[in-house]
Peer 1: 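Okay, here's the structure, questions in a sec.
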Number of protein chains: 2
Amino acid sequence: MKPDTAGEILDTMQELIQARGFNAISYQDIADRVGIRKASIHYHFPTKFALGAAVIGRYRARLLEALAAAEAGGSHRAVLAAYLEPFAAFVEGGDKVCLCGALAGEFAALPKPMQEQITQFFTEQQAWLEQLLERGRAAGELRFAGSPRSMARLCFSALQGALLVRRAQGDGQQIRDVIGTIRALLLG
Amino acid sequence: MKPDTAGEILDTMQELIQARGFNAISYQDIADRVGIRKASIHYHFPTKFALGAAVIGRYRARLLEALAAAEAGGSHRAVLAAYLEPFAAFVEGGDKVCLCGALAGEFAALPKPMQEQITQFFTEQQAWLEQLLERGRAAGELRFAGSPRSMARLCFSALQGALLVRRAQGDGQQIRDVIGTIRALLLG
DNA sequence: GTCTATAGGCAGATAGAC
DNA sequence: GTCTATCTGCCTATAGAC
C-alpha cells in the first residue's frame with residue numbers, strides 16, 4: 001500500500017519546508033509523519049542537505065511540466081490565465097508559500113547545491129513568463145508598458161511576495177488582489 | 001566605547017536573520033560577532049524568542065519613523081520617491097532581504113508573539129502605502145487603475161518578492177526593474 | 001554585566017542486526 | 001529497507017563566582 005517511502009519522505013519534507021522553512025525541520029519530524037524511524041530516512045537520502053536538494057529538484061521539474069501544460073492552452077490570454085490559476089489555489093491550500101520563496105529567506109544558511117537549485121528555479125520561471133509576455137504582446141493579446149523582462153520580474157516578484165504576506169496576515173484577499181491587478185495590468 | 005551591548009546584540013541578530021533566517025542562528029554566532037560569551041546574551045534577552053521579538057519591534061518602529069520622515073517630503077510624488085529609494089539601496093547593501101520577509105518564510109516555526117509582530121508590520125506598511133496612493137490619486141499626482149488597496153498590495157508584494165528573488169539570483173537588476181516598473185505604473 | 005561551568009535535550013549521522 | 005542502539009556535537013538556558 002505504500003511502496004514509495006522515498007516519495008512520502010519528499011512529500012513530507014516539502015510540506016514542512018513550505019510551512020516552517022528548512023532549518024526548523026528535524027528528521028524526527030519527518031519520521032513521525034511518515035511512520036518510520038528517523039534512521040531509515042538516511043537509507044533514502046544520505047544527508048538532510050541531499051534531501052533538501054532532491055525536494056527542490058522535484059519541485060522544479062513539476063512546475064516546468066505545469067508551464068508546458070499551460071502552454072497547450074491555446075491563446076496567450078488563456079495561457080496567462082492557466083499560469084495564474086494555481087496561485088489562486090494557494091488561498092484555499094492552507095498557509096503555504098512557494099517552496100523556493102521559503103528557502104530564499106534562508107539562502108545564506110544553505111549549501112551551494114541547494115542555492116544553485118533555487119537560483120535556477122527563479123531564473124527559469126521568470127524566463128518563461130518573459131517569453132509569454134513578449135509573444136502575447138507581439139500577438140496583440142497582451143498590452144503593457146516597458147520591456148517584457150521588467151514586467152515579468154514585476155509580476156513574478158509580486159506573486160512570490162503575495163504568498164509571503166498573505167500567510168503572515170492570514171488574508172486570502174492579498175493574493176486575489178495581486179492576481180486581479182496583474183491580470184488587469186496585462187490585459188490592458 | 002561600547003556602552004550599548006544590548007544594541008549590538010540587536011544589530012547582530014537582525015543582520016543574521018536577514019541573511020540566514022531565524023532558525024539557523026545560534027547564540028554562539030551572536031556572541032562571536034559581538035565579542036562576548038553566549039551566556040551574557042541571556043542577561044539582556046532572556047530567551048532567543050524574546051530577542052527575536054525585540055528585533056522585530058525595533059525594526060517596525062524604525063520603519064514607521066522612516067515613513068513619517070518620507071511624508072515630510074512635500075508632494076505625493078516626492079513621498080513616493082522617498083519611499084522607494086531605500087529599496088534601491090538594498091542593491092548595494094549585500095544580499096539582505098526585509099527582516100519580516102525572511103521571517104515570513106519560517107512563520108509556522110515561530111512563537112505567537114513574533115508572528116503577531118510580523119503580521120502587524122505587513123499590515124501597517126501596506127496601510128501606509130494605500131493611503132499614499134489614495135491621496136496621491138485624489139491630488140492628481142498619481143494615476144493607476146483599480147483600488148488604492150489592490151495597487152498597494154501589488155506594489156508592496158512586488159518589493160518584498162524582488163528582495164527575495166534578487167538574493168537568490170545575485171542580480172541587482174531585479175530590484176531596479178521592479179522599482180522602475182512600479183514608478184511607471186503609478187506616475188502613469 | 002560578564003564570566004566559567006554545566007545541565008539537559010535534541011540534532012544529524014553511523015553501525016550492524018534482522 | 002527498516003530497525004535498535006549509539007556516537008558526537010551543538011543547542012538554549014541556568015547557576016553562581018567575580
Side-chain angles (χ1 to χ4, degrees), chain A residues 1-17 19-58 102-103 105-115 117, chain B residues 1-17 19-56 58 102-103 105-106 108-115 117:
Chain A
M1 214 33 168
K2 16 174 247 177
D4 188 15
T5 304
E8 288 184 43
I9 294 170
L10 286 170
D11 292 344
T12 306
M13 185 64 168
Q14 180 175 329
E15 276 172 36
L16 288 175
I17 292 175
R20 306 184 194 168
F22 182 81
N23 283 293
I25 302 169
S26 74
Y27 269 39
Q28 192 63 62
D29 295 324
I30 301 169
D32 290 345
R33 279 155 214 254
V34 175
I36 56 177
R37 298 292 179 167
K38 62 179 179 169
S40 304
I41 301 173
H42 288 279
Y43 172 79
H44 301 279
F45 304 95
T47 67
K48 190 184 173 188
F49 290 147
L51 173 53
V55 168
I56 309 174
R58 194 184 66 160
L103 291 170
E106 306 179 273
F107 202 70
L110 302 175
K112 205 156 213 167
M114 288 184 68
Q115 290 183 344
Q117 291 253 46
Chain B
M1 215 35 167
K2 19 173 246 179
D4 188 15
T5 304
E8 288 184 44
I9 294 170
L10 287 170
D11 292 343
T12 305
M13 183 67 167
Q14 180 175 330
E15 275 172 36
L16 288 174
I17 293 175
R20 306 185 195 168
F22 182 81
N23 283 292
I25 302 169
S26 75
Y27 269 39
Q28 191 64 62
D29 295 324
I30 302 168
D32 289 346
R33 280 155 213 254
V34 175
I36 55 177
R37 298 291 178 169
K38 59 180 178 172
S40 305
I41 302 173
H42 289 279
Y43 172 80
H44 301 279
F45 304 95
T47 68
K48 190 183 173 188
F49 289 147
L51 173 54
V55 169
I56 310 173
R58 194 184 66 159
L103 292 169
E106 308 179 273
L110 302 174
K112 205 155 214 166
M114 288 184 68
Q115 289 183 343
Q117 291 251 47

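Proteins get letters first, then strands, A, B, ... in listed order; numbering begins at 1 in each. All figures in this text were calculated on a predicted structure; none of them were measured in a lab.
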Peer 1: If I take atom CZ in residue B/R37 and atom C1' in nucleotide C/dG1, what distance separates them, rounded to the nearest angstrom?
Peer 2: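 To the nearest whole Å, that distance equals 15 Å.
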Peer 1: Quick check on C/dG1: is either OP1 or OP2 less than 4.0 Å from any side-chain nitrogen or oxygen of B/T5?
Peer 2: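 Answer is no, no contact under 4.0 Å.
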Peer 1: Below the 4.0 Å mark, does D/dG1 have OP1 or OP2 next to a side-chain nitrogen or oxygen of A/H42?
Peer 2: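 For A/H42, the contact criterion (side-chain N or O under 4.0 Å from OP1 or OP2 of D/dG1) is not met.
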Peer 1: Between atom CZ in A/F49 and atom P in C/dA11, what is the gap in whole Å?
Peer 2: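 About 15 Å, once rounded to whole Å.
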Peer 1: Rounded to whole angstrom units, what separation is found between the CD1 atom of B/I41 and the C1' atom of C/dC3?
Peer 2: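 That distance rounds to 13 Å.
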Peer 1: Using atom types as modelled and distance alone, determine if a side-chain donor or acceptor of A/K48 lies under 3.5 Å from a backbone N or O of A/F22.
Peer 2: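 Yes, A/K48 side chain to A/F22 backbone: donor-acceptor pair under 3.5 Å.
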Peer 1: Using a 4.0 Å heavy-atom cut-off across all strands, classify A/I25 as base, sugar-phosphate, or nothing.
Peer 2: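 A/I25: backbone/sugar contact only, no base atoms under 4.0 Å.
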Peer 1: So what does A/L51 hit on the nucleic acid, given a heavy-atom distance under 4.0 Å: a base, only sugar-phosphate, or nothing?
Peer 2: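 Here A/L51 touches no strand at all.
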Peer 1: Side chain of B/Q28, heavy atoms from C-beta onward: which of D/dC11, D/dC3, D/dT12 has the nearest atom to it?
Peer 2: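 The closest nucleotide is D/dC11.
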Peer 1: Rounded to whole Å, please give me the gap between CG in B/N23 and C1' in D/dC11.
Peer 2: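 Atom CG in B/N23 sits about 12 Å away from atom C1' in D/dC11.
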Peer 1: Give the rounded distance in Å between these two atoms: NZ of B/K38 and C1' of C/dA7.
Peer 2: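 Result: 12 Å.
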Peer 1: Taking A/E8's backbone N and O only, do any of them form a donor-acceptor pair with A/T12's side chain (distance below 3.5 Å, no angle check)?
Peer 2: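 Yes, because the side chain of A/T12 sits within donor-acceptor range (under 3.5 Å) of the backbone of A/E8.
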Peer 1: In terms of side-chain heavy atoms of B/S26, which of D/dC3, D/dT12, C/dT4 is nearest?
Peer 2: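 Of all the options, the side chain of B/S26 is nearest to D/dT12.
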Peer 1: Give the rounded distance in Å between these two atoms: CZ of B/F45 and P of C/dT2.
Peer 2: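 So the CZ-P distance, B/F45 to C/dT2, works out to 12 Å.
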Peer 1: With distance as the sole test, does B/Y27 use its side chain to make a donor-acceptor pair with the main-chain N or O of B/H42 at under 3.5 Å?
Peer 2: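 No, because the side chain of B/Y27 does not come within donor-acceptor range (under 3.5 Å) of the backbone of B/H42.
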Peer 1: Contact class for B/S40 vs. all strands (heavy atom < 4.0 Å): base, sugar-phosphate, or nothing?
Peer 2: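 Answer is base: heavy atoms of B/S40 come under 4.0 Å of a base.
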Peer 1: Looking at B/K38 and B/D29, does any basic side-chain N land under 4.0 Å from a carboxylate oxygen?
Peer 2: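 Salt bridge: no.
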Peer 1: Which nucleotide in the list D/dG1, C/dA13, D/dC3 gets nearest to the side chain of A/K48?
Peer 2: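 The listed nucleotide nearest to A/K48's side chain is C/dA13.
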Peer 1: For a quick check of understanding: with a heavy-atom distance under 4.0 Å over all strands, which category does A/Y43 fall into, base, sugar-phosphate or nothing?
Peer 2: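 Touches a base.
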Peer 1: Okay, side chain of B/E106, backbone of A/G21: is any donor-acceptor separation there less than 3.5 Å?
Peer 2: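 No, because the side chain of B/E106 does not come within donor-acceptor range (under 3.5 Å) of the backbone of A/G21.
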Peer 1: If you compare every side-chain N and O of B/Y27 against the phosphate oxygens of D/dA13 (OP1, OP2), does one of them come in below 4.0 Å?
Peer 2: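 So the side chain of B/Y27 is within the cut-off, an N or O lying under 4.0 Å from OP1 or OP2 of D/dA13.
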Peer 1: The side chain of B/H44 is closest to which nucleotide in this list: C/dG12, C/dT14, C/dG1?
Peer 2: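 Closest of the options to the side chain of B/H44: C/dG1.
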